[in-house]
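Written out below as structure tokens is the structure these notes cover.
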Amino acid sequence: MKARDWVHKSLLVLDSIAVIMVLVMISLTVADVSMRKFVNHPMTGVTEMVELALGGAFFLALPGVFWRSAHITMDIIDDHWPQWRAALQRLATVCNAVVLVVLVWHMWQPMLDVISFGDTSADLQIPKIWFMAPAWVGVLLSLWVVLLQLWMGPDPAVGKDGHA
């Protein structure tokens, strides 16, 4: 199996998990509002569960955004000097790598602190590491994806607009 195929399959799994997390958030919110409205008994800890699912959805989808170059962009230079597009994309990928290295580095110590302190959420007593882990894993996998882009070049299957 080629490296790009492996990356595509891995990102499909992460994107699928992110979609499931969004569906969980929607389901929890609908169930909580329905129980509050019809039974006058809201669910305990919905805010924490939705917060956890939101973090998972966002950060697990992040590597796919980097791989597809689907960031929000403004084509200021591209339209006027299209010959610079490849060099600018390469520069942006290098900048992405630098920012992600800094994020991974600065997220490491707070995560270790949360583990050592044993912090938990207020209502459900969920260990706080479960809130931080998706962020750290998502940023780390995004860094891995960006480094792969620097090594292999941009994915030829992905167009300028970030769609295959």
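Numbering of residues begins at 1 and proceeds along the displayed sequence. Fair warning: this is a prediction, and the values are worked out from it, not measured in the lab.
In terms of heavy-atom proximity, Met21 sits nearest to Ala57 at CB-CB, 3.7 Å. The two residues Arg4 and His8 make their nearest non-hydrogen contact at O-CD2, 2.7 Å. When all heavy atoms of Gln125 and Ala122 are compared, the closest pair comes out as NE2-O, 2.9 Å. Contact detail for Leu60 and Ile17: the closest heavy-atom pair is CD1-CG2, 3.5 Å. Contact record, Ala97 with Leu150: CB-CD1, 4.1 Å, taken as the closest heavy-atom pair. The shortest non-hydrogen separation linking Pro63 to Gly138 is CG-O, 3.7 Å.
Put simply, the side chain of Ile126 does not reach to within 4.5 Å of the side chain of Thr120, judged on heavy atoms. Side chains of Val19 and Asp15 form no contact here, defined as non-hydrogen atoms less than 4.5 Å apart. In this structure the side chain of Leu28 reaches within 4.5 angstrom of the side chain of Met43, judged on heavy atoms. The side-chain heavy atoms of Phe59 and Leu141, taken from C-beta on, include no pair separated by under 4.5 Å. A 4.5 Å side-chain heavy-atom check between Pro82 and Asp78 finds every atom pair outside the cut-off.
Taking CE of Met111 as the reference point, atom CD of Gln109 lies at 10.0 Å (rounded to 0.5 Å). To the nearest 0.5 angstrom, Thr93 atom OG1 is 11.5 Å from Leu148 atom CG. Rounded to the nearest 0.5 Å, atoms CZ (Arg68) and CG (Leu11) are 6.5 Å apart. Here Lys9 contributes atom NZ and Leu14 contributes atom CG; the two are 14.0 Å apart, rounded to the nearest 0.5 Å. Rounding to the nearest 0.5 angstrom, the gap separating the CE atom in Met25 from the CG atom in Leu52 is 10.5 Å. The CE atom of Met132 sits 8.5 Å away from atom CD1 of Ile115, with the distance rounded to the nearest 0.5 Å.
The salt bridge (charged side-chain N to carboxylate O under 4.0 Å, His left out) pairs that include a residue from residues 113-126 number zero, where partners must be two or more places apart or lie in different chains.
Note: the hydrophobic cluster containing Trp151 also contains Val101 (ILVMFWY, side chain heavy atoms under 4.5 Å, direct or indirect links). Under a hydrophobic clustering in which Ile, Leu, Val, Met, Phe, Trp and Tyr are joined whenever their side-chain heavy atoms come within less than 4.5 Å, directly or via other members, Leu143 and Val94 fall into the same cluster. Hydrophobic clustering places Val46 together with Val30 (ILVMFWY residues linked when any side-chain heavy atoms are closer than 4.5 Å, directly or through intermediates). Both Trp108 and Leu100 are assigned to one and the same hydrophobic cluster, defined by single-linkage of ILVMFWY side chains at heavy-atom distances under 4.5 Å. Linking ILVMFWY residues whenever their side-chain heavy atoms come closer than 4.5 Å, directly or via other members, places Val99 and Val146 in the same cluster.
Gln149 places a side-chain N or O within 3.5 Å of a backbone atom of Phe66 that can act as its donor or acceptor partner. Using a distance-only test at 3.5 Å, with no hydrogens or angles considered, no donor-acceptor pair links the side chain of Arg90 to the main chain of Arg85.
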Let me see the working for Val7 and Trp144 under side-chain contact (heavy atoms from CB on, under 4.5 Å), right down to the final yes or no.
CA-CA 10 Å; Val7 170; Trp144 175 73; 4.1 Å; yes
Would you please test Ser142 and Val145 for side-chain contact (heavy atoms from CB on, under 4.5 Å) and show each step?
CA-CA 5 Å; Ser142 297; Val145 162; 5.6 Å; no
For Val104 and Met107: C-alpha separation, side-chain torsions, deciding distance, then whether side-chain contact (heavy atoms from CB on, under 4.5 Å) applies.
CA-CA 5 Å; Val104 166; Met107 290 171 76; 5.8 Å; no
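In terms of the side chain to side chain contact (heavy atoms under 4.5 Å, CB included) criterion, residue partners of Pro42 (sequence neighbours excluded) are, by chain and number, Asp32, Arg36.
Within 6.0 Å of atom NE2 in His71, more than 12 heavy atoms from other residues, nucleotides or ligands are found, so the atom counts as buried in its surroundings.
Residues Trp136 and Trp130 place their aromatic rings such that the two centres sit no closer than 6.0 Å.
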